[in-house]
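The structure appears below as structure tokens.
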Amino acid sequence: MEAKKKLSGSGYRKQAKIKKLKHDALIKNCRKLDSMFKPSNNSNTDDKLEMLNQGTQIQMNPDYSNVNSSEQYKPTKSSGYIETENTDDELDMLNQDTQIQMNPDYSNINSSEQHNPMTSSGNIVTEYTDDKLEMLNQDTQIQIYPDYSNVNSSEQHKLTKSSGYIKTENSISEINTDILSSKNNETADVLFEPTDIPRCDPALWKINEFTIEYICINGFSQDLNDLNFTKSKRAYTKLHKKTTKTYYRFCNKNYWNTRLTNGDSIKRNFIAYSESKGVIYCIPCLLFGNINSSSFASKGFSNWKRAEELISQHENSLKHRSNILAMKNRGQTHQRIDQQIIQQIENERMYWINVLKRVVAIVKTLASRGLAFRGHTSKIGCPRNGNFMMALELLAEFDPFISNHISKNGNPGKGHTSYLSYYIYEQFILLMSKKVENTIIQDVNTSRYFSISVDSTPDITHTDQLSLVVRFVDESGNVFERFLCFMNNVGHKSEDMAEAVITILNKYNLNLNYLRGQSYDNASNMSGSYSGLQARIKLINPLAKFVPCSAHSLNLVGQNAASCCNEAIHFFNFLQNLYTFFSASTYRWQILNSSIKRLSDTRWSARDDACYSLNKNWSSIENALIKIGENEKEKPAIRCEANGILKILKSLETFFLSIFWGDILHRFNTVSKKLQSVNIDLSVVVELYQSLINYVGDIRTDKDYENFKRNAIEKCGIMNFRNTEKRQKKIKKFSDDSSMESIVTNFKINTYFVILDQLKSELLRRKIAYNNLLKNYYFFFKITKMTAADIRVSAELLRNEYNTDLGTSFPNECIHFSSYLKTISNLPQSIQDMLVFIRKNNLKDIFPYIDIALRMLLCTPVSNCSTERSFSALKRIKSYLRSNIGEERLTALAIMNIESDVTTAISYDDIIQEFAQDHARRKV
């Protein structure tokens, strides 16, 4: 048997052209429809089928699978049409919103090859006349093919040639492109929102009713500019001069456009590209077509050599156009039989969304303020129902919608949906806290480099709570410190705390390799050089520099100075005793008629407040003590105590130290508040410490001592200090002996100079630690005044320290950056100003490594005051009345309260959408 002759390229094209001409001729000969249908035997009148005039799509199931045996449609297979014998009452289901589907095959019966007219050929066999076929809209062209070219003879209807069958044909321009191209349909029903929405890759879709519904309603589109055609590469061989050559073809963007005969270009919105497989799909055929009918609906099309020809044939095929009509009709919800149901669901959905918006707004407000939610009861109208119900009642007075909802659904009890119960707002608390948490983690990962700060404190139930705060730099160059969580009962051993910190960082997917700093207080379990928490973190990441809390260190400086001599100790004990004496009795406090402050073991600023109140209310305090001491009605012990305090008060030492410590503590307190700010870096810490060192050194002179003493004498009128001189021993003098200095315990030497020397030495010692951390960054502050050689040497030192972060071009960048700064007038004054300058002027791509170096320095914490502030939120949230709160809820409320700016920025719609997805069984 001879082998079939292989056609050449021109032969294939000639054969295809002949087939196309025959196809067009066949279409031209089948225009008229009247002669192709038999008269209708249907007893139903046209009035009862007015639903057909509304563009309704009719499909009939001849397989009897969906109809009771007594009322089934009885098709006549021999004639190829279906006779309906239903009475008028039985056809009441035909209204303007009704769709009747007729499958000309027996698709609902067990069959190996089903034939659905809306998913493959679009064939409709019907007995109605032309007037009754107005279901096809004006844009639809009906063609009848008298042959059986598209029908399988074995398992499909056996249609006679005389009766023919119906094919629908629609041009590509008639497709509702809004359905295929719309990316987001804001009116999409939450009930139909998928847990996994179909993505941009059609090869990854799971074709089911849910996917079909979603694509038809919401549409589908792809941005051709973002597509990657790498995987569409296909190899082809060509024989040229007896030599086989291989060449490659790729998918082309031109396939998404077709050109008409008149030159107009129309976009092929039905085509979608799969980046995972490197093929293209026809979306309508993929959703509604037979998987074995075409590669466009099954494995994907990738024959790029004949792409234009085959795509053109496919888009002109009747199957393709029928599938487009099916997709169009299914997407038009106003033509569906369930229009009223859809509208009812939509109204119901919007009603509950409006309810939940008000609930979310109340939850957001209460949580961001750290207020309690529940009361003794959860009933509407009860005066003890808590802040949440109180807010709802207040809102109902001005909002008719929520007022009507409460009147209908208030206090419904179990089994009724109202979305006003404590369970609902507890779910929203968890969802919103998770949203805040994810926002923080996303910002940290975007910044890449971060630092941590850890501290612990006991709560109202004496449970130890460990607080963790992260510090990072955002895209605009601003520094943020964000609270992450509380952990209870971690323990005070460094090993336990290190394990807890590492566990938290792993839980939030924060990479320890990008940890560049850690700041704790000066406790040995935290700051220990060998076995402290910072040492254990450094074993994992040596670049995680430990920075002692600068504010806490400054407190320790003042504390050491306040206990360095007896006079200083006696003075602060006097301040505490003075507060204790008056606060112990309301009668004495009333006599005082002014305020005095007590000392604090943790807040050094309290000492400044105590000195300030003493100096301000000196005369009131003195008069109150005199009045109490002379009051014979008072107990002798009280009168004696008042006279003893008055005696100390009216001494030159107390006047001198109150003025002296008032000035010192005021300066230290001002600097301490600055150190507690988030927007400072190590360079600012060094500058502030140096300013205090200079200040202490400047007032350590005899002149300043005499100035303090003169002010004290003017205030109290006492000229001499008590016990400033000891009685000198009489020593026999010899003629050849030199004069001996008298042994005098001088207040200036033993008190004034001792306090100042202690302050200066402590400041210098602690400043050295910050200098060592900052030494490799110092060249940035004088970069415009340094030579290129000096800049290169300094930059190399910093690059060697961070060799995994800074590249070899870093020294050259620094030299270039110095030259650039010399050309501008307003030079940045600090490290943060430099980073903001680079980001604001879009210089990051020019100086990338400088940007990295500045970010690493700025993300290094200088204090752990943010963790201390979280303890204030802990006191408000876990109070006496809420002492049984769990760890998860405590962290959720704390993060929403502490990071209130992130909480208030949460979108209502996002939270409600997440709630609906997690609770799909509910009404939203």
Side-chain angles (χ1 to χ4, degrees), residues 440 442-453 469-482 514-519 543-545 547 550 674-688 770-771 773-786 791 794-799 801-807 809-863 866 901:
I440 294 173
Q442 183 179 358
D443 292 342
V444 174
N445 288 328
T446 302
S447 175
R448 189 166 189 170
Y449 299 106
F450 67 97
S451 299
I452 60 173
S453 179
V469 172
V470 292
R471 178 184 172 101
F472 59 93
V473 182
D474 70 349
E475 290 296 325
S476 60
N478 298 319
V479 181
F480 289 94
E481 291 183 357
R482 298 294 191 188
Y514 299 136
L515 182 64
R516 289 296 176 267
Q518 44 182 334
S519 180
L543 295 179
K545 306 295 184 181
V547 182
S550 57
K674 180 65 177 178
L675 293 175
Q676 296 173 28
S677 175
V678 175
N679 296 318
I680 63 171
D681 53 75
L682 284 173
S683 61
V684 179
V685 174
V686 172
E687 292 173 357
L688 292 176
Y770 302 113
N771 281 335
L773 293 170
L774 192 64
K775 62 181 180 180
N776 289 335
Y777 280 94
Y778 273 127
F779 73 96
F780 276 110
F781 300 101
K782 48 183 178 179
I783 193 170
T784 56
K785 301 178 182 178
M786 297 173 63
I791 294 175
S794 300
E796 281 291 345
L797 292 175
L798 184 59
R799 194 189 74 83
E801 184 179 4
Y802 297 99
N803 54 7
T804 59
D805 301 298
L806 303 178
S809 62
F810 176 65
N812 289 331
E813 279 188 21
C814 293
I815 297 173
H816 184 194
F817 186 59
S818 173
S819 303
Y820 181 82
L821 291 178
K822 292 177 182 178
T823 62
I824 62 177
S825 56
N826 297 324
L827 294 176
Q829 300 299 320
S830 64
I831 296 294
Q832 186 171 5
D833 291 342
M834 290 184 185
L835 183 61
V836 172
F837 174 80
I838 291 175
R839 297 291 179 89
K840 186 177 180 180
N841 294 279
N842 297 322
L843 301 176
K844 184 178 178 180
D845 54 342
I846 301 177
F847 308 110
Y849 289 121
I850 292 179
D851 181 87
I852 292 174
L854 297 179
R855 269 192 295 152
M856 288 191 296
L857 178 60
L858 283 176
C859 79
T860 304
V862 298
S863 70
S866 293
D901 57 331

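No hydrogens, no waters, no symmetry mates; every other heavy atom, side chains included, goes into these values.
Using a 4.5 Å cut-off on side-chain heavy atoms (C-beta onward), K545 and R516 make no contact. Between Y778 and N771, the closest side-chain pair of non-hydrogen atoms falls below 4.5 Å. Proximity of E481 to S451: side-chain heavy atoms (C-beta onward) are nowhere separated by under 4.5 Å. Between L798 and F779, the closest side-chain pair of non-hydrogen atoms falls below 4.5 Å. With contacts defined as side-chain heavy-atom distances shorter than 4.5 Å, the pair L857/L774 qualifies. A 4.5 Å side-chain heavy-atom check between L515 and L543 finds every atom pair outside the cut-off. Using a 4.5 Å heavy-atom cutoff, the side chains of Y777 and L682 are not in contact. In this structure, the side chains of L821 and I783 come closer than 4.5 Å at one or more pairs of heavy atoms.
Under a cut-off of 6.0 angstrom, the local environment of CG in N826 is sparse, with at most 12 non-hydrogen atoms contributed by other residues, nucleotides or ligands. In the displayed structure, K782 atom NZ is contacted under 6.0 Å by at most 12 heavy atoms of other residues, nucleotides or ligands.
Heavy atoms only, all atoms of each residue included: G807 and Y849 are closest at N-CE2, 3.2 Å. Smallest separation of non-hydrogen atoms from L835 and L854: N-CD1, 3.8 Å. Smallest separation of non-hydrogen atoms from F472 and F450: CB-CB, 4.4 Å. Here the shortest heavy-atom pairing between Q832 and V479 reads NE2-N, 4.0 Å. In this structure, S447 and V473 approach most closely via the heavy-atom pair OG-O, 2.7 Å.
A donor-acceptor pair under 3.5 Å is formed between the side chain of R471 and the backbone N or O of L858. Although no hydrogens or angles enter the test, the distance criterion places no donor-acceptor pair under 3.5 Å between the side chain of N841 and the main chain of L843. S830 contributes a side-chain N or O that, together with a main-chain N or O of D833, makes up a donor-acceptor pair within less than 3.5 Å. The closest donor-acceptor contact from the side chain of S550 to the backbone of S863 lies at 3.5 Å or more, if one exists at all. Using a distance-only test at 3.5 Å, with no hydrogens or angles considered, a donor-acceptor pair links the side chain of T446 to the main chain of Q442. No donor-acceptor distance shorter than 3.5 angstrom exists from the side chain of N478 to the backbone of D474, with no hydrogens or angles considered. Between the side chain of T823 and the backbone N or O of Y820, at least one donor-acceptor pair lies under 3.5 Å.
Taking CE of M786 as the start and CD1 of I815 as the end, the distance is 10.0 Å to the nearest 0.5 Å. Here the straight-line distance linking atom CG of L773 with atom NZ of K775 works out to 9.0 Å at 0.5 Å rounding. Rounding to the nearest 0.5 Å gives a distance of 10.0 Å between OG of S794 and CZ of F780. In this structure, the separation between CZ on R839 and CG on D851 is 4.0 Å, given to the nearest 0.5 Å. Between the CD1 atom of I831 and the CD1 atom of I680 there is a distance of 13.5 Å, given to the nearest 0.5 Å. Note that NZ of K674 is 10.0 Å distant from CD of E687, once rounded to the nearest 0.5 Å.
In this structure, F817 and F847 have perpendicular ring planes: the angle between them is above 60°, well past the 30° mark.
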| Run the side chain to side chain contact (heavy atoms under 4.5 Å, CB included) check on N812 and H816 step by step: do they pass? | CA-CA 6 Å; N812 289 331; H816 184 194; over 6 Å; no
| query | Checking side chain to side chain contact (heavy atoms under 4.5 Å, CB included) for the pair V470/F480: CA distance, chi angles, key distance, verdict? | reply | CA-CA 8 Å; V470 292; F480 289 94; over 6 Å; no
| message | For a side chain to side chain contact (heavy atoms under 4.5 Å, CB included) check, start with the C-alpha distance between V862 and L675, then their side-chain angles and the critical distance, and finish with the verdict. | response | CA-CA 8 Å; V862 298; L675 293 175; 5.9 Å; no
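Side chains of Y802 and N776: a donor-acceptor N/O pair is absent below 3.5 angstrom, by distance only.
With respect to the salt-bridge test (charged N to carboxylate O, under 4.0 angstrom), the residues D901 and R482 qualify.
With I850 as the partner, the side chain to side chain contact (heavy atoms under 4.5 Å, CB included) test is satisfied by one option alone out of R855, E813, M834, K844: E813.
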